[in-house]
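One structure is given below, encoded as structure tokens.
Worth knowing before you read on, the calculation uses all heavy atoms, side chains too, and leaves out hydrogens, waters and symmetry mates.
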Amino acid sequence: MKILNKKININKLSMIEEKNFFSDMCMMKAVVDIDRELIAVNAELHADLEQMLLENGSRQQSLYGINIYYDNSEIEFDSLINPPRNREAGYPRVGRGVADPKAREKIVEVVNKWIEL
């Protein structure tokens with residue numbers, strides 16, 4: 001697990017740490033702090049990355065889970081940590097995606113800040 005502190009090319013994302021939990025799927029889980037513009041990557045569970053960011057000073061209301069597919073540079077807005085954020089934004093019962101379009105835009109902005117897609 002790692003909080004990115006410098007921009008990385010998507011092709012090198014899978015090599016960021018010795019262990020990559022989903023390398024067979026060419027995917028990495030990430031959690032984005034949309035207020036502090038941080039991204040934590042590489043864990044088996046989004047909740048582990050969420051906890052790491054919380055311990056680093058992030059507010060839970062600012063955290064969203066995503067999956068990054070580095071074989072096709074796709075961002076998937078799917079995580080079990082997202083439903084509470086959806087409810088807080090006024091989107092109840094919409095599943096594990098990120099329902100708020102402004103939050104989705106900010107997530108993409110933060111990902112692009114740290115990962116060269």
Side-chain angles (χ1 to χ4, degrees):
M1 296 188 318
K2 181 177 181 94
I3 298 173
L4 296 183
N5 59 8
K6 63 180 179 178
K7 193 161 188 164
I8 186 169
N9 184 285
I10 188 92
N11 297 322
K12 297 187 183 200
L13 189 60
S14 66
M15 297 177 275
I16 197 163
E17 293 185 299
E18 190 172 314
K19 180 175 178 143
N20 183 347
F21 292 91
F22 300 95
S23 59
D24 59 327
M25 298 170 55
C26 296
M27 186 264 288
M28 188 170 285
K29 291 189 181 219
V31 172
V32 175
D33 181 329
I34 61 172
D35 289 334
R36 295 176 64 208
E37 296 188 354
L38 297 174
I39 185 168
V41 297
N42 195 30
E44 188 172 9
L45 301 171
H46 289 107
D48 294 334
L49 297 167
E50 176 185 42
Q51 186 61 41
M52 185 168 68
L53 284 168
L54 290 171
E55 291 170 2
N56 192 314
S58 292
R59 294 178 331 113
Q60 196 155 29
Q61 297 81 358
S62 304
L63 302 179
Y64 289 89
I66 62 171
N67 300 317
I68 300 170
Y69 291 88
Y70 43 85
D71 60 340
N72 64 2
S73 301
E74 179 186 348
I75 299 171
E76 178 181 48
F77 300 91
D78 180 41
S79 172
L80 289 172
I81 72 167
N82 293 336
R85 303 299 79 78
N86 289 333
R87 286 192 296 276
E88 291 161 3
Y91 299 95
R93 299 185 183 164
V94 293
R96 301 180 327 183
V98 177
D100 184 352
K102 290 180 182 174
R104 286 174 73 104
E105 287 177 26
K106 187 65 178 181
I107 290 166
V108 171
E109 181 182 312
V110 174
V111 169
N112 286 325
K113 175 181 177 178
W114 293 106
I115 300 171
E116 185 180 324
L117 300 176

>> For K113, I'd like to know if atom NZ has over 12 heavy atoms of other residues, nucleotides or ligands within 6.0 Å.
In response: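 More than 12 within 6.0 Å, yes.
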>> Does atom NZ (K102) have a neighbourhood of more than 12 heavy atoms from anything else shown, all under 6.0 Å?
In response: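 Atom NZ in K102 is not crowded, with 12 or fewer foreign heavy atoms closer than 6.0 Å.
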> Hey, what do you get for CG (L13) to CG (D71), rounding to the nearest 0.5 Å?
Replying inline: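 Result: 11.5 Å between the selected atoms.
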>> With rounding to the nearest 0.5 angstrom, report the CD1 to CG distance, I34 to D100.
In response: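 Here the rounded value is 7.5 Å.
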Are [X] and [Y] side-chain neighbours, meaning at least one heavy-atom pair lies under 4.5 Å?
X   : Y    : value
F77 : R104 : yes
E50 : L63  : yes
M1  : L49  : yes
N67 : M25  : no

[Y] reachable from [X] in the ILVMFWY side-chain graph, under 4.5 Å edges:
X    : Y    : answer
V31  : I68  : no
L117 : L4   : yes
V108 : I115 : yes
F22  : Y70  : no
I8   : I107 : yes

So which heavy atom on [X] is nearest to which on [Y], and how close?
X   : Y   : result
E88 : Q61 : OE1-CG, 3.8 Å
M27 : K29 : SD-N, 3.9 Å
P92 : R87 : CA-CG, 4.1 Å
L54 : S58 : CD2-O, 3.4 Å
S14 : N11 : OG-O, 4.2 Å
H46 : G65 : CD2-CA, 3.8 Å

Answer yes or no: is there a donor N or O on one side and an acceptor on the other, between the side chain of [X] and the main chain of [Y], under 3.5 Å?
X   : Y   : answer
R85 : Q60 : yes
N86 : Y91 : no
N82 : G95 : no

>> Run E37 and K106 through salt bridge (Lys or Arg N to Asp or Glu O under 4.0 Å) and show every step you take.
In response: CA-CA 9 Å; E37 296 188 354; K106 187 65 178 181; 2.6 Å; yes
> Which one of N56, I3, V110 satisfies the side-chain contact (heavy atoms from CB on, under 4.5 Å) criterion with R36?
Replying inline: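 By the side-chain contact (heavy atoms from CB on, under 4.5 Å) criterion, R36 pairs with just one of N56, I3, V110: N56.
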>> Is there a side chain to side chain contact (heavy atoms under 4.5 Å, CB included) between V41 and M28? Walk through the geometry before answering.
In response: CA-CA 7 Å; V41 297; M28 188 170 285; 3.7 Å; yes
> Excluding sequence neighbours, so at least two apart, what forms salt bridge (Lys or Arg N to Asp or Glu O under 4.0 Å) with R96?
Replying inline: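 Expected list: D78.
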